[in-house]
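Below is one structure, written out as structure tokens; the observations come after it.
Everything numeric here is computed off the predicted structure, so don't read it as measured data. By convention here, the first residue in the shown sequence is residue 1. For ligands, and for the atoms within them, numbers begin at 1 and follow the listed sequence.
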Amino acid sequence: MNDRVPDGAVPATTPFERVGGEARVRALVDRFYDLMDLEPAYAGLRALHPTTLEGSRDKLFWFLCGWLGGPSHYTDRFGHPMLRARHLPFAIGIRERDQWMACMQQAMAEVELDPSLAQQLAASFFQTADWMRNRGV
Ligand code: HEM
């Protein structure tokens, strides 16, 4: 018996499993981009993206599956994400970071992710979003 896991403890699961697998990751990504299209508060973020968001939806979905500890769809297709380098063509400051975070937090709430899981993911998303900043303001 593993003496570090008390009897009756829930076995460790990945965030991917806790979100609910591929269908739920896809629902989260779809809501994220729907909100980006709909909400005036995210117009600045939307303006950085292509006219049609279909490619963005697929890429974020593939990426997040792996980022959450699930299947490596993104790296299978494109290799190392090099996420910061891939964002360099876009001017990302505090305003863009905060819009991305607000849009993702609204999407997580609207697809009814467990609030404590959403809070944990928001902290991780923030680290990645902040790392993407490539200008001061
Ligand atoms: C900080 C604010 C952010 C802004 C303003 C931003 C903006 C963008 C834009 C404009 C694109 C190009 C979309 C396209 O080519 O269809 C993009 C691509 C992408 N973003 Fe972000 N992003 C941000 C944060 C993030 C974060 C936090 C993640 C991951 C957790 C992420 C993951 C991705 C991925 C995987 C792609 C596709 C890269 C590729 O293969 O071309 N982004 N982002």
Side-chain angles (χ1 to χ4, degrees):
M1 188 163 51
N2 181 342
D3 60 4
R4 287 178 304 167
V5 179
D7 283 346
V10 178
T13 54
T14 62
F16 177 78
E17 289 165 324
R18 293 174 65 208
V19 167
E22 287 197 7
R24 297 281 290 147
V25 176
R26 184 72 210 199
L28 173 63
V29 167
D30 280 339
R31 193 62 199 147
F32 174 78
Y33 284 112
D34 288 348
L35 288 168
M36 203 191 284
D37 249 349
L38 288 167
E39 295 281 345
Y42 311 135
L45 178 63
R46 176 67 185 88
L48 294 174
H49 286 75
T51 315
T52 166
L53 291 172
E54 296 318 303
S56 315
R57 286 175 195 263
D58 283 344
K59 284 178 175 172
L60 188 59
F61 165 63
W62 290 328
F63 176 82
L64 287 186
C65 285
W67 188 79
L68 292 164
S72 56
H73 297 309
Y74 185 93
T75 51
D76 290 351
R77 287 172 174 79
F78 306 114
H80 192 286
M82 299 183 298
L83 219 49
R84 192 166 193 285
R86 287 194 210 265
H87 284 77
L88 285 178
F90 315 108
I92 301 179
I94 288 169
R95 194 179 71 114
E96 290 74 20
R97 176 201 69 188
D98 289 351
Q99 282 189 23
W100 197 99
M101 283 302 303
C103 189
M104 182 52 79
Q105 282 182 289
Q106 188 176 344
M108 288 194 290
E110 291 191 9
V111 301
E112 298 180 344
L113 233 61
D114 171 71
S116 73
L117 175 60
Q119 203 180 348
Q120 285 172 35
L121 292 182
S124 299
F125 277 130
F126 183 84
Q127 298 297 320
T128 305
D130 194 51
W131 175 59
M132 230 68 83
R133 282 196 295 124
N134 50 37
R135 65 167 180 173
V137 287

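Thr52 is linked by a side-chain contact (heavy atoms from CB on, under 4.5 Å) to Glu54, counting only residues two or more places apart in sequence or in another chain.
With salt bridges taken as basic N to acidic carboxylate O contacts below 4.0 Å, none links Asp98 and Arg133.
Taking CD from Gln106 and OH from Tyr42, the interatomic distance works out to 4.0 Å, rounded to the nearest 0.5 Å. Rounding to the nearest 0.5 angstrom, the gap separating the CD atom in Glu22 from the NE2 atom in His73 is 3.5 Å.
Aromatic rings of Trp100 and Phe125 (six-membered ring for Trp) have centroids within the 6.0 Å cut-off, being under it.
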Need the list: ligand 1 N/O atoms against protein N/O atoms, distance under 3.5 Å, rounded to one decimal.
from     : atom 1 : to    : atom 2 : distance (Å)
ligand 1 : 16 (O) : Ser56 : OG     : 2.5
ligand 1 : 20 (N) : His87 : NE2    : 2.9
ligand 1 : 22 (N) : His87 : NE2    : 2.9
ligand 1 : 40 (O) : Tyr74 : OH     : 2.4
ligand 1 : 41 (O) : Lys59 : NZ     : 3.4
ligand 1 : 42 (N) : His87 : NE2    : 3.0
ligand 1 : 43 (N) : His87 : NE2    : 2.8

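Side-chain contact between Glu17 and Leu68 is absent, with no heavy atoms from C-beta onward closer than 4.5 Å.
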